[in-house]
Novice: 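After the structure tokens below, expect a handful of questions from me.
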Amino acid sequence: MLGDISDEKANELIALFSKSVRGNLLSRDVVESRIFPVTHYIHVACYILYDQSYQYNALKEIASKISPEEIARRSKTLGTPLNQLVFYSIAMLYLHGRAQVINDNLFEKRSDPSIIIEPETKKKETKFILDFWRRLSPNYLNEGTMTVENKKLTFLSDNSINTLKDHMIPINSNKDIIRKLKQTIAQLTIFNYTFKADCRIGISEHGPYYSEGNHDPLIFKEFQLPHPDKTNFGIDTSGFLPQKITNPPPIPNVIFGVTLKNMKKIDFNDWGTFFADPIDFSSNITSIGIWTKELVHPKDLRYPDKLGSIEPLKVGILDELSEFAKNATKELYLEYSRWDLIKKLMLGVGLYANSALALCAGVAGLESDFNWTWAIDYAEDKPLKTDLLDGDKIAFYIEKLKRWNGLHIFLRRIMRGIRERKNDPFYYYLQDE
């Protein structure tokens, strides 16, 4: 039964994940957005996922229809929004919210001994989430691990790679194509961050892969783009992505593949981020491929042979995508200038709290069973239209985090020494009292 794991196993998983996320957090630069209160909305979303049992209640219903193993297997293809970033976030954001609450309770217990640090009901929920996550990643990653190890993030089969390589176009140092490729990727990246409240959801990088007869490593960068009718793989996103874009993109998603020569470093992390040496590898590109994936409702996908068709695209699509990204980004900046702080904050809260759950619900065919508009409804003083959340508690989280400029103080635990972390990991072992 999902969630039926021992305290010892739960603590083992908490320690493993604490070590992983600590390494990932320390390897990134923290630059706060000039538009969105990113740190603040992340921590509000984490409170919601754990403290209100939002993630547990949603995933419990999803798991009654489809196993985490099957969700993972149906995602082993290009162009799917369910990817390593999403799977990793299922554990990370929940455990982050749990650590915030435990830290709060430990502080309050100093003055009120009746405070229970972690009730048995919450331990049960945590075991469920941990068990759900540990069954996802090993069935998604080719190495069968729960986190990205050896700096490799691969999930496509050898057969897939050998088919895709036939669509690759030799570059032969064609500077014009390389310039257009770099420009388009840069503009799509800016657009995605602008559209998604300065978070990475919607972008995925993975690799390296190798194909028969080609020793140059192949890496991919993918973008999920807003569909003209506001749906993505059958899931209506108009509720928690209310931004207006007059001219939609020419395609709903795009996948770029490049083979590289003479690279000193090709590394990936659990957030689907690529680290390269040299950083600008333009002159190292030997071939490129551009694809889009047909929109198939995720409940209709079946592993391994029915995962949706991948269509190769001509280089001319770069101009169309570049033009779309430039115009849409300008339009978004103008729209956001009319938003107040709470609406900007709640856009991010909705993305962090809803995205993984909405995508998993879609695979289970349950996307219509949940209300995904509650974050923007809250921002606009409308009823939340869901029994899973309490608007007063959301207001409490927002105000509470203002004390620390949106950054929860439990994060100070990340800088503790190795001996302390061994006995008391970043995300806390299960609490006995």
Side-chain angles (χ1 to χ4, degrees), residues 1-3 17 45-46 48-50 52-77 79-97 125-141 146 155 196 199-204 222 224 227 231-237 239-241 253 270-272 293 295-303 306-308 349-375 386 388-389:
M1 182 178 176
L2 196 60
F17 201 85
C46 291
I48 288 168
L49 289 169
Y50 175 80
Q52 299 201 45
S53 302
Y54 182 56
Q55 182 167 317
Y56 169 75
N57 286 324
L59 279 185
K60 184 174 65 171
E61 188 168 342
I62 291 165
S64 71
K65 299 296 183 182
I66 187 170
S67 70
E69 291 91 341
E70 185 61 19
I71 292 174
R73 286 190 286 265
R74 292 191 197 180
S75 304
K76 291 173 73 70
T77 178
T80 172
L82 271 170
N83 52 42
Q84 175 63 17
L85 171 63
V86 174
F87 296 154
Y88 193 75
S89 295
I90 285 174
M92 180 181 68
L93 299 180
Y94 177 88
L95 289 176
H96 216 80
E125 293 177 11
T126 295
K127 288 181 178 181
F128 178 92
I129 299 298
L130 289 170
D131 198 18
F132 190 98
W133 168 70
R134 76 168 181 143
R135 298 184 186 195
L136 275 172
S137 288
N139 286 285
Y140 177 69
L141 297 171
M146 285 182 284
F155 53 85
K196 302 287 180 62
C199 71
R200 188 176 173 77
I201 296 169
I203 302 176
S204 173
E222 306 185 15
Q224 298 296 322
H227 198 247
T231 64
N232 195 358
F233 294 86
I235 299 169
D236 183 4
T237 61
F240 63 100
L241 289 173
N253 54 70
D270 286 286
W271 296 322
K293 182 178 180 180
L295 288 182
V296 177
H297 196 292
K299 68 179 175 58
D300 297 324
L301 301 176
R302 293 294 182 273
Y303 178 82
K306 295 181 180 179
L307 296 175
V349 168
L351 281 162
Y352 265 74
N354 281 331
S355 293
L357 298 177
L359 291 168
C360 288
V363 182
L366 298 176
E367 69 277 4
S368 298
D369 288 19
F370 300 92
N371 173 271
W372 308 112
T373 71
W374 56 264
T386 176
L388 298 180
L389 295 170

Novice: Report the distance from atom CD1 of I201 to atom CG of L85, rounding to the nearest 0.5 Å.
Specialist: 6.5 Å
Novice: R74 vs E70, test: salt bridge (charged side-chain N to carboxylate O under 4.0 Å, His left out). Steps then yes/no.
Specialist: CA-CA 6 Å; R74 292 191 197 180; E70 185 61 19; 3.0 Å; yes
Novice: Any non-hydrogen side-chain atom of D270 less than 4.5 Å from a side-chain atom of F17?
Specialist: no
Novice: Quick one: closest heavy-atom pair of Y303 and R73, and the distance?
Specialist: CD1-O, 3.1 Å
Novice: State, yes or no, whether a side-chain contact exists between L49 and L357 at a heavy-atom distance under 4.5 Å.
Specialist: yes
Novice: Could you tell me if the side chain of P68 sits less than 4.5 Å from the side chain of L2, heavy atoms only?
Specialist: yes
Novice: Just how far is it from atom OG1 of T80 to atom CD of Q224, taken to the nearest 0.5 Å?
Specialist: 7.0 Å
Novice: Side chains of E61 and F370: does their closest heavy-atom pair fall under 4.5 Å?
Specialist: yes
Novice: Check whether any side-chain heavy atom of P138 lies under 4.5 Å from a side-chain heavy atom of E69, and answer yes or no.
Specialist: no
Novice: Would a 4.5 Å heavy-atom cut-off, applied to side chains only, mark L301 and T77 as touching?
Specialist: no
Novice: Can you measure from CG (N253) to CG (L295) and round to the nearest 0.5 angstrom?
Specialist: 6.0 Å
Novice: Using modelled atom types only, decide if a donor and an acceptor are shared between the side chain of Q55 and the backbone of I90 within a distance under 3.5 Å.
Specialist: yes
Novice: For the ring pair Y94 and W133, is the centre-to-centre distance below 6.0 Å?
Specialist: no
Novice: Any idea which heavy atoms bring G308 and V296 closest together, and the distance?
Specialist: CA-CG2, 4.3 Å
Novice: Counting distance only, does the side-chain N/O of E222 pair as donor-acceptor with the main-chain N or O of S204 below 3.5 Å?
Specialist: no
Novice: Using every non-hydrogen atom in the two residues, find where Y50 and T126 come nearest and quote the distance to one decimal.
Specialist: CE1-OG1, 4.0 Å
Novice: Starting at OG of S355, measure out to CG of L241 and round the result to the nearest 0.5 Å.
Specialist: 7.0 Å
Novice: Stepwise, does the side chain to side chain contact (heavy atoms under 4.5 Å, CB included) test hold for Y140 with I71?
Specialist: CA-CA 9 Å; Y140 177 69; I71 292 174; over 6 Å; no
Novice: How close do C46 and H96 get, heavy atom to heavy atom, and via which atoms?
Specialist: SG-CB, 3.7 Å
Novice: A353 and A45: which non-hydrogen atoms are nearest, and at how many Å?
Specialist: N-CB, 4.1 Å
Novice: Between G365 and H297, what is the shortest heavy-atom contact and its length?
Specialist: CA-CE1, 4.5 Å
Novice: Does the side chain of W374 come within less than 4.5 Å of I48's, by heavy atoms?
Specialist: yes
Novice: Any chance you could measure I62, atom CD1, to S67, atom OG, to the nearest 0.5 Å?
Specialist: 12.5 Å
Novice: Sub-3.5 Å donor-acceptor pair from the side chain of K127 to the main-chain atoms of G3, do we have one?
Specialist: no
Novice: Under the side chain to side chain contact (heavy atoms under 4.5 Å, CB included) criterion, do L95 and L130 qualify, and how do the steps go?
Specialist: CA-CA 9 Å; L95 289 176; L130 289 170; 4.2 Å; yes
Novice: Between N354 (side chain only) and W372 (backbone N and O only), is there a donor and an acceptor less than 3.5 Å apart?
Specialist: yes
Novice: Is E367 reaching over with its side chain to a backbone N or O of C360, donor-acceptor style, under 3.5 angstrom?
Specialist: no
Novice: Nearest 0.5 Å please: distance from the OG atom of S89 over to the OH atom of Y352.
Specialist: 7.0 Å
Novice: Examine distances only and state if a side-chain atom of K76 and a backbone atom of L307 form a donor-acceptor pair shorter than 3.5 Å.
Specialist: no
Novice: For N57 and K60, indicate whether the former's side chain and the latter's backbone hold a donor-acceptor pair under 3.5 Å.
Specialist: no
